[in-house]
Visitor: 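Below are the structure tokens for one structure; questions will follow.
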Amino acid sequence: MREALRDALAEEMRNDESVFVMGEDVAVFQGAFKVTEGLLDEFGERRVRDTPISENTIVGAGVGAAMAGLRPVVELMTVNFSLLAMDQIVNHAAAIPYMFNGQARVPMVVRMPGGGGHQLGPTHSHSFEALYQQVPGLLVACPSTPADAKGLLKAAIRDDNPVIFMEHETLYGMRGEVPEGDDHVVDFGRAAIRRQGSDVTIVGILRMAHEALKAAKALANEHSVSAEVIDPCTLRPLDLDTIVESVRKTNRCVVVEEGWPHGGVGANIATLITEQAFDHLDAPVQRVTGADVPMPYAKRLEQSAIPHPEHVVSAALATLEGTK
Amino acid sequence: MREALRDALAEEMRNDESVFVMGEDVAVFQGAFKVTEGLLDEFGERRVRDTPISENTIVGAGVGAAMAGLRPVVELMTVNFSLLAMDQIVNHAAAIPYMFNGQARVPMVVRMPGGGGHQLGPTHSHSFEALYQQVPGLLVACPSTPADAKGLLKAAIRDDNPVIFMEHETLYGMRGEVPEGDDHVVDFGRAAIRRQGSDVTIVGILRMAHEALKAAKALANEHSVSAEVIDPCTLRPLDLDTIVESVRKTNRCVVVEEGWPHGGVGANIATLITEQAFDHLDAPVQRVTGADVPMPYAKRLEQSAIPHPEHVVSAALATLEGTK
Amino acid sequence: MAEESTTTADSVATDGKAGTPRALPEAEVCVGLLETMGLIRRFEEEAGRQYQRAKAGGFLHLAIGEEATIVGTVSAMRESDYLIGTYRTHGHAIARGTDPRNVMAELFGREDGTSRGRGGSMHIFDAERRFMGGYGIVGGNLPIAAGLALASDYRGNEDVTVCMFGDGASNTGNFGETMNLAALWSLPVVFLLENNLYGMGTAVERHSAVTDFSKKAEGLGVSGVRVDGMDVLAMRETVAEHIRIAREERRPTMVEAFTYRYRGHSAADPEVYRSKEEVEEWRKKDPIEMFAGRLQSEGVLSDSDREQMHERIEKRVLEAVEFADASPEPPLDSLYENLYVIGGQVRGWYAVDERTPTTHPGEAEREFGKEEEIHRLAEAGAAYAGQAAPTGRRPDRTTEDREAAKALPDEEEHEVEGP
Amino acid sequence: MAEESTTTADSVATDGKAGTPRALPEAEVCVGLLETMGLIRRFEEEAGRQYQRAKAGGFLHLAIGEEATIVGTVSAMRESDYLIGTYRTHGHAIARGTDPRNVMAELFGREDGTSRGRGGSMHIFDAERRFMGGYGIVGGNLPIAAGLALASDYRGNEDVTVCMFGDGASNTGNFGETMNLAALWSLPVVFLLENNLYGMGTAVERHSAVTDFSKKAEGLGVSGVRVDGMDVLAMRETVAEHIRIAREERRPTMVEAFTYRYRGHSAADPEVYRSKEEVEEWRKKDPIEMFAGRLQSEGVLSDSDREQMHERIEKRVLEAVEFADASPEPPLDSLYENLYVIGGQVRGWYAVDERTPTTHPGEAEREFGKEEEIHRLAEAGAAYAGQAAPTGRRPDRTTEDREAAKALPDEEEHEVEGP
Ligand SMILES: Cc1ncc(C[n+]2csc(CCOP(=O)(O)OP(=O)(O)O)c2C)c(N)n1
Ligand SMILES: Cc1ncc(C[n+]2csc(CCOP(=O)(O)OP(=O)(O)O)c2C)c(N)n1
Ligand SMILES: [Mg+2]
Ligand SMILES: [Mg+2]
């Protein structure tokens, strides 16, 4: 996935002189996660800029540059540090187009690697999709495959709205087919049905999209339950139609996320589904979430705080209780 | 309510030498909303401290002082500026007790006036209960009456956990009975049933607790619908038992909040209710939320973006459709 | 760390040219500067009056007393340069050439307002004149200014960004971060610190350890000077030189304008933090009176010239009020306009609350989500804007209170039932 | 704005006493300083080795090369003083007296770790020794240090806070905000900037416009000096004086220690941003070798003394590894411990995900929420910690990568089905 993201950046930078990259250690160091590797060599210091450790100002400079017509792609080294830039993201980037009545636009992308699984402990393992999904004015992408990562990042860079682009640190090494070339652009607001099924709908984002698929396989093999797996791909806009349509068919749903349980992505999607398809639900929408704690460091504790296929299977079976 | 909060601060400061107040313009200016009026005169500069405009550092200094055993009450002039302090609140205050295995505690209260209705526009009208409810390690209070405001603030100051204390700017002028003296302490995690009813449960926080009550009256007078009104008083911990018990009785629920709809307080409570009482629900839990936009300045636009009793009535009737 | 008390009018340090009065520019430039200062002054006095009449809502931050700082600075800028400011920028927009009628309409929250009533007094904007806003978050405009300057640097053009902010903003994290970034990247920006001696109710010595703000910036890599912000010519000359440095030498600098606001921080500030005498002392060096006096004594401006100028200003300000009053309120179904750029990515609002004009397709099936209902509820909500005069109003209180009082439900409804 | 290149070993400015070697303190003090530096060095070398063996996870930031800065500073502190640092603080804790066995156990994520395996390498803590932590957020410890100092000031006691942070942290908003607050409030704190010439892969000239960091702090109201961070005595003496200023004169100061880290920023940093020669040059002034050499030449330390010292150190470090290895992993049902102080306010976790040991009362009715199921699932999750060696590992990559690779599901499962 790392290469897919890099290609998206490089292609868009070649296409459009106004696209540039800035962030901490994105240039000489080649990026903390090596996503921007090689960009400095190809595009030079003007378009690939190392910044000081100043999250709010890096994002704010992106806002200003975007208002002046450039297309900055800002990298925050991890989503955890984005809390230091919340003011520029929420009070400025998201609000400016609206509060100035469209006189200014903010065509900026803010990339944020995140998630747990690396034993990075309580300050480096957050999943903040749930924070950004709340904010009107933002678009929020959360790709789970290299192909989507490339297509969505290209779409994000070309879009005129401010975009929060979530990347899961454990997926960078992931391999997968990626369509070549410029026209591979994946629209926001279109969920992907990863697997067809008839008994229960499983919705998962980022790394959890993969756990959902594994769970679906286990459900098929060990419980002869046919699960449909949906990856929303973007949370703002959210393709609720595709999800609701699936639930109207399966009458059951499980939402899987790595973030905290209260007011999370799962709570939002579960509520939307229940509002739209209440009469079609045979059981309450089940949620599988990360544990309600700062992520602990110890490996087994950390893994026990992160959702795995077993949890999804358990939740899916809960929706089927009585029926099978 | 202003006086109730002020009394809570003064009483706790008299009781406990380790309690002190700091924030922007809390001393000489007497507080942007006059909540801290008179405290400087009584307690002096050492315990009532004006700070520079440095939100993250003010909160961080509170964290450090609390770790050293003091009980700081930090005022952020409004909740909107708390985004500048998110790092200290989430990555530090909330995480420290856990990540250092209880070796350090953070008995700090951060007060945050917020909400819309004053025509303060897109940067000054946010409601961020939904952001803080997500964070494990924090307690979150959202009082709607002077009595609760005083009792909850006293409880917050005495508690050993970091507390986010939400205040609604339009309620400061509100009058109401307030029990005198020290022992008026309101525990967190206990919802208040503001009105008994049998047809539908209406849950509302802060200013929306009052809109819920007005709606309940309208429902009774104009639609002969008996609504039970519940004010959670705190979101962390959340007294789900009381809410679920009510819903098991009424079989219908409406949650009212002023904040944004995606992943909000309503989404969280609706999901929890649906998970716990699915079989008791005759209709999906309805939500009434603020509009999904940065708050506009123009008076009629702003009011049209904020929930009012009519919206609650409409939502309540929706849950009763077919039945009446 | 604080140096000599800086809260008295005569203690002002300057850029060194103090005493030696500057030679006057051509007559019509002088007259232009005076008239713009006068227009801003009169406009804000009227805005204050309209606010008391509740024609304008929210907060109202007036810059009365700071006109020389504003006009002197803007007069040194090119049309292609960017200006960005704070929540106290009615004058900044007007100085840039924005029609006072549209600024007043914004304060009134109307269709013809600079932000079509979305932003209000704290969020004025005029893209055409490169006035890049009005920002309500203290220090929030600093990183954005760096970004505007970065764009000019990136494109290699001559546009310079002038970023105006207050003494209190120098304590925000953004100040240190932005000074460092601008210096590190040699950005073409002039940071114009409007030192009016107070951040809200806190005097500079009580909020900033270092009160010589050019020293504060210097430690972060941006050199600066202090100039008499009550002297429009000193401002104009000093800023012109610093804009030249940005444009030609391609590096950021800071200018600290030593000025004063006569009015409270916002409309109903009781001003317990300063003495009437202090304000009076500053009024003696009023930027408009002093400059007008000199123009008249040097024969550039006759009594009748000034009379006519007064009339022109009076006319424009009253027209602005009339215009604003006549401008329609934004229609309720414009609520979601300009939230997103609609296109391939965003095909609708995807909002889920029932006041959404275009609700999510899925909502259609909800009886509850019907169009008429949506509009009925929007109207029902908006109706609350028409509430009668607030109860429990406290004139001695802050704006916030007065607004709070207005928004309050009446007495009886406050008897909350329950245990 | 950047001054002379500061990335060479000989260009180091000092606190003025350069050249003139300081008189040695009493013998056992000298030996103590040397032994502590040696212990930290050897401990971290071993930690690196254990990390490569995957005994420790996450990131591993080693301070090898910076021992004189750490030990010199801590040796000047009282037991009652507070120390607070960054994510590179194994040595800081050990210098404060924390048993290396507990530090190693924390790296191993075990019950006997300083934070019982919750924090890991970046979040070491020892309340008993007033080592107030290890923090993973750059600059995050600065405001907290101000708060600790505020508490001492509030109580009027003599405790001083020493806050250690990096050159890169001087660019965070917290730096400006905290310097200003500490100076404004005259807090008893010493800011100890560990200038190791790089913030991750970015050299000081490329991240800070002003690279003379005491100047940077001075502009914000905190005066400072630069000292040779490779000279343990210079550090000890200078910090002692600045602690005295904090304790007696009640004001904050900054000490910039000019030092260097030999290893990469974290365990698998390819170090493309600096040359092998540069590292070699710095190794020549190795703080341990230089100090040991002097002690031996001045007869304070005999060859056999040093031999024995080596053995003592070796023993302690190997014991630490053994101890850590033997320490049990935290039980899964301790997951929620110390998240909250349980009491009148918080009577349970109120968590709603199914891995919660004590689920919300309401959950009881959910078949799904049964205790056994909870434990089965916790175990099932924890089992993933035992995964086989990662696929797609790239030794030349950063830690993050290696961890990413580890966490990867295997090839086949990555063929995502779909349209
Ligand atoms: C981040 C933030 N904190 C606090 C406030 C509230 N506030 C508005 S103006 C102000 C004082 C600013 O003083 P200064 O920068 O000197 O500007 P002035 O108002 O004097 O022009 C404060 C504290 C805010 N708007 N934003
Ligand atoms: C707020 C924040 N931004 C970015 C990072 C990622 N990061 C970790 S260490 C580091 C470099 C810090 O450099 P410096 O302050 O000089 O300390 P050093 O590592 O050299 O000791 C960065 C950018 C972080 N942990 N926190
Ligand atoms: Mg000011
Ligand atoms: Mg460094």
Side-chain angles (χ1 to χ4, degrees), chain B residues 18 20 22 46-47 49 51-52 54-70 72 84 87-88 91-92 95-105 107 136-137 139 155-156 158-161 163 185 187-189 234 236-238 240-241 244-245 271-272 275-277, chain D residues 82 84 113-120 123 125-128 132-137 140-155 159 161 173-174 176-178 180-181 184-185 336-341 343-352 360-363 365-366:
Chain B
S18 66
F20 70 100
M22 65 175 160
R46 173 168 158 271
R47 298 183 67 190
R49 313 176 74 100
T51 68
S54 306
E55 280 76 11
N56 206 40
T57 288
I58 299 166
V59 172
V63 172
M67 289 170 79
L70 298 183
L84 285 149
D87 168 60
Q88 281 297 326
N91 288 330
H92 296 87
I96 280 169
Y98 186 77
M99 80 179 173
F100 298 140
N101 194 44
Q103 288 182 85
R105 292 303 183 187
L139 301 190
R158 297 180 189 188
D159 193 83
D160 286 332
N161 296 291
V163 180
V185 176
D187 269 357
F188 278 47
T234 63
R236 251 189 194 268
L238 175 68
L240 192 54
D241 294 344
V244 168
E245 198 178 302
T271 299
L272 294 171
E275 286 172 349
Q276 316 263 324
Chain D
Y82 292 109
I84 184 169
T114 47
S115 294
R116 205 181 164 204
R118 269 67 180 160
H123 309 110
F125 197 94
D126 187 343
E128 208 178 306
M132 303 305 284
Y135 294 84
I137 303 297
N141 60 332
L142 289 161
I144 295 174
L148 293 167
L150 171 60
S152 304
D153 181 62
Y154 188 90
R155 297 190 170 115
D159 306 343
T161 296
N174 282 342
E177 289 187 351
T178 301
N180 181 59
L181 191 75
L184 191 68
W185 288 358
Y336 288 87
E337 284 177 27
N338 290 304
L339 173 60
Y340 286 110
V341 179
Q345 306 303 329
V346 186
R347 293 175 299 280
W349 301 120
Y350 295 83
V352 294
H360 184 285
E363 301 254 311
E365 78 166 19
R366 289 166 64 189

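Every value quoted in this text rests on a predicted model; they were computed, and no experiment measured them. Residue numbering restarts at 1 for every chain, and letters A, B, ... go by the order of the sequence lines.
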Visitor: Side chain, backbone, both or neither: which part of D:D159 has a non-hydrogen atom closer than 4.5 Å to chain B?
Guide: neither
Visitor: Looking only at atom types and distance, does a side-chain atom of B:Q88 sit under 3.5 Å from a main-chain N or O of B:G62, one as donor and one as acceptor?
Guide: no
Visitor: Under a 4.5 Å cutoff for heavy-atom pairs, which residue among D:G136, D:G117, D:G140 has the most contacts with chain B?
Guide: D:G140
Visitor: Using a cut-off of under 4.5 Å for heavy-atom pairs, which of B:G102, B:P72, B:A66, B:P107 has the most such pairs with chain D?
Guide: B:G102
Visitor: Could you tell me which residues satisfy side chain to side chain donor-acceptor pair (under 3.5 Å) with B:D160, sequence neighbours excluded, listed by chain and number?
Guide: B:R71
Visitor: Who are the side chain to side chain contact (heavy atoms under 4.5 Å, CB included) partners of D:A149, not counting sequence neighbours?
Guide: D:T161, D:L187, D:P188, D:V189
Visitor: So which residue, B:T51, B:L70, B:V63, ends up with the most heavy-atom pairs under 4.5 Å with chain D?
Guide: B:L70
Visitor: Among D:P143, D:G113, D:G119, D:G120, single out the residue with the greatest number of heavy-atom pairs under 4.5 Å to chain B.
Guide: D:P143
Visitor: For each of D:A146, D:G134, D:A151, tally heavy-atom pairs with chain B at distances under 4.5 Å, and name the one with the top tally.
Guide: D:A151
Visitor: Heavy-atom distance under 4.5 Å to chain D: side chain of B:N91, backbone, both or neither?
Guide: side chain
Visitor: If you tally heavy-atom pairs under 4.5 Å against chain D, which of B:R158, B:M67, B:R105 wins?
Guide: B:R105
Visitor: Check each atom of B:I96 against the heavy atoms of chain D and say whether the ones under 4.5 Å are side chain, backbone, both or neither.
Guide: side chain
Visitor: Apply side-chain contact (heavy atoms from CB on, under 4.5 Å) to residues D:L150 and B:M22 and explain how you reach the verdict.
Guide: CA-CA 12 Å; D:L150 171 60; B:M22 65 175 160; 4.3 Å; yes
Visitor: With no hydrogens and no angle check, is any side-chain donor or acceptor of B:T234 less than 3.5 Å from a backbone partner on B:P237?
Guide: yes
Visitor: For D:H123, does its backbone N or O pair with a side-chain atom of D:S115 as donor and acceptor, under 3.5 Å?
Guide: yes
Visitor: Is chain D contacted by the side chain of B:E55, its backbone, both, or neither, given a heavy-atom distance below 4.5 Å?
Guide: backbone
Visitor: Counting distance only, does the side-chain N/O of B:R46 pair as donor-acceptor with the main-chain N or O of D:Y154 below 3.5 Å?
Guide: yes
Visitor: Go through the steps for D:Y135 and B:H92 under the test side-chain contact (heavy atoms from CB on, under 4.5 Å), then give the verdict.
Guide: CA-CA 9 Å; D:Y135 294 84; B:H92 296 87; 3.7 Å; yes
Visitor: Side chain from CB out, backbone as N, CA, C, O: work out which of these in D:N180 comes under 4.5 Å of a heavy atom of chain B, or both, or neither.
Guide: side chain
Visitor: Who wins among B:D87, B:V244, B:T271 for the most heavy-atom pairs under 4.5 Å with chain D?
Guide: B:D87
Visitor: Quick check against the 3.5 Å criterion: does B:Y98 have a side-chain atom that pairs as donor or acceptor with the backbone of D:E337?
Guide: no
Visitor: Please flag which part of D:L142 lies under 4.5 Å from any non-hydrogen atom of chain B: side chain, backbone, both or neither.
Guide: neither
